[in-house]
Amino acid sequence: MKIVVLDGYGVNPGDLSWETLEALGDVEVYPRTAPEDVIDRCFNAEIILTNKVVINKQILVSLPRLKYIGVLATGYNVVDVDTASDLDIIVTNIPAYSTDSVVQMTFAHILTMTNRVEHYTQQNRNGRWSYNPDFVYWDTPLIELAGKTMGIVGLGNIGMKVAQLARCFGMEVYAFTSKASSLLPEGIQKTTFEGLLSVSDILSLHCPLNRSTREMINASSLAKMKEGALLINTGRGPLVNEADVAEALRSGHLGGYGADVMCQEPPAEDNPLFSAPNAYITPHIAWATFEARKRLIAIAVGNVKAFIDGNPVSVVN
């Protein structure tokens, strides 16, 4: 069985192995694939694995042997699933492989803004502490999380674990979620989106990207947030209007923005967030710990094997 991995480098830059996948068929792994090369590389493939390479209708109808597409991520918007269904092509994804890593990055951003470890480390490399007249100094606000209010949009696997960890820090937790209040664990209070904006000292986004959530954080919603509140986005870039967030940072109304995702990836050099104060951007790496990537490959191979055995799992179409 011919198996093609279109963009393997992002998942496995060389520190993991494809051996378990190679045991299932004739495997070709490409580090990256340009859009114009997809059809040629996959023409004889029965199985395609893709992370960010788009598989659209034009490509799908041009691959007569294709029976299965495995998305090497949780989100599967890179595949035209409707056309795939029409062509009896199974599409699968990999849910929940990176929950712990994304939660960790969420709090890395929070602690970056509340404790400013990077700032003080750099200051001290430049000699600031060595020449200080006192045993201690600080030149930024330092914020204790205990007693603050954490607002969470979306209580899936990641949002729920963020809520649990926030409680461990002694925070009050409110959530905007489709789950019924009766189903929420003790210590998580359900509220409206408007209510969440008004009470949150820290607002963290963990919801899917769809028509109702696209740019849910914009000039209007930002104006309803507390003065100096912090905003975290480890979900999807387009959940926010980046220009509006940058303006709220410049005005000081928003105290900080920590994001691991952007509307365009890679982002343009002139993205307004790069010049905005108190914007902390990481390059979509929350999912990329060694442990999470190892789980991703193991689950992806398991998905392929299940398909070959006639019992597909994690099917999204």
Side-chain angles (χ1 to χ4, degrees), residues 52 54 71 73-82 91 93-99 101-103 105-106 109-110 149-163 166 173-181 183-184 188-226 229-249 253-254 256-265 267 271-273 279-282 284 286-287 316-317:
K52 294 296 182 287
V54 173
V71 181
T74 301
Y76 49 89
N77 56 302
V78 296
V79 178
D80 182 339
V81 293
D82 292 333
V91 182
N93 73 335
I94 307 179
Y97 74 95
S98 63
T99 298
S101 293
V102 176
V103 171
M105 178 62 83
T106 298
H109 275 288
I110 292 171
T149 298
M150 168 70 90
I152 300 173
V153 180
L155 282 179
N157 292 324
I158 295 172
M160 189 66 76
K161 198 149 191 176
V162 167
V173 178
Y174 286 77
F176 176 57
T177 174
S178 59
K179 290 182 170 64
S181 295
L183 299 178
L184 299 186
I188 303 177
Q189 302 181 61
K190 181 173 180 174
T191 186
T192 63
F193 182 56
E194 300 284 326
L196 196 69
L197 294 172
S198 67
V199 301
S200 297
D201 296 303
I202 301 173
L203 180 64
S204 195
L205 308 179
H206 301 288
C207 56
L209 175 64
N210 53 44
R211 289 182 180 177
S212 65
T213 62
R214 183 176 292 274
E215 295 194 2
M216 66 190 309
I217 301 299
N218 52 41
S220 176
S221 55
L222 286 162
K224 297 171 184 175
M225 293 179 66
K226 287 183 177 182
L230 307 180
L231 176 64
I232 310 294
N233 186 8
T234 55
R236 293 287 183 267
L239 294 174
V240 312
N241 180 304
E242 291 176 340
D244 289 351
V245 170
E247 180 55 37
L249 289 168
H253 180 72
L254 188 63
Y257 180 56
D260 188 57
V261 288
M262 301 192 77
C263 295
Q264 174 187 318
E265 296 178 348
N271 186 291
L273 287 171
Y280 302 88
I281 313 296
T282 48
H284 205 145
W287 66 280
V316 298
N317 66 332

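The distance from the CG atom of Leu222 to the CG atom of Leu254 is 6.0 Å, given to the nearest 0.5 Å. Atom CD of residue Gln189 and atom CG of residue Leu196 lie 11.0 Å apart, to the nearest 0.5 angstrom. Expressed to the nearest 0.5 Å, how far CG of Asn77 lies from CG of Asn210 amounts to 11.5 Å. The line from CD1 of Ile188 to OG1 of Thr177 is 9.0 Å long, rounded to the nearest 0.5 Å. Rounding to the nearest 0.5 Å places CD1 of Ile232 at 7.0 Å from CE of Met150. Separating the OH atom in Tyr257 from the CG atom in Leu230 is a distance of 12.5 Å, to the nearest 0.5 Å.
Sorted by first then second residue, the salt bridge (charged side-chain N to carboxylate O under 4.0 Å, His left out) pairs that include residues 229-244, not counting sequence neighbours, number zero. Applying the salt bridge (charged side-chain N to carboxylate O under 4.0 Å, His left out) test to every pair with at least one member in residues 207-224, sequence neighbours left out, gives these pairs: Glu194-Lys224.
Partners of Lys52 under the salt bridge (charged side-chain N to carboxylate O under 4.0 Å, His left out) rule, at least two apart in sequence or in another chain, do not exist in this structure. Residues that satisfy the side chain to side chain donor-acceptor pair (under 3.5 Å) test with Thr191, not counting sequence neighbours, are absent from this structure. Partners of Lys190 according to the salt bridge (charged side-chain N to carboxylate O under 4.0 Å, His left out) rule, which considers only residues two or more places apart in sequence or in another chain, do not exist here. Phe176 meets the ring-ring contact (aromatic ring centres under 6.0 Å, His included) test with Phe193; sequence neighbours excluded.
Side-chain N or O atoms of His206 include none that pairs as donor or acceptor with a backbone N or O of Asn157 at under 3.5 Å. A distance-only check finds a donor-acceptor pair linking the side chain of Asp260 to the backbone of Ala286 [under 3.5 Å]. A donor-acceptor contact shorter than 3.5 Å links the side chain of Thr192 to the backbone of Gly195. Under a 3.5 Å cut-off, the side chain of Asn93 and the backbone N or O of Ala73 do not form any donor-acceptor pair.
Here the side chains of Leu273 and Leu249 are in contact, with some heavy-atom distance below 4.5 Å. Side-chain contact between Leu239 and Ile217 is absent, with no heavy-atom pair separated by less than 4.5 Å.
Looking at every heavy atom in both residues, Ile152 comes nearest to Leu203 through N-CD1, 4.5 Å. The nearest pair of heavy atoms linking Asn218 to Ser221 is N-OG, 2.7 Å. Cys263 approaches Gly237 most closely through the heavy-atom pair SG-O, 3.6 Å. Taking both residues in full, the closest heavy atoms of Cys207 and Thr213 are given as SG-CG2, 4.1 Å, listed atom of the first, atom of the second, then distance. Residues Ser200 and Gly151 approach most closely at OG-CA, 3.2 Å, considering heavy atoms. Asn233 and Gly235 make their closest contact through OD1-N, 3.0 Å (heavy atoms, listed as atom of the first residue, atom of the second, distance).
If you check the side chains of His109 and Ser204, you find no donor sitting under 3.5 Å from an acceptor.
Annotation: Lys161, atom NZ; neighbour count of heavy atoms from other residues, nucleotides and ligands within 6.0 Å does not exceed 12.
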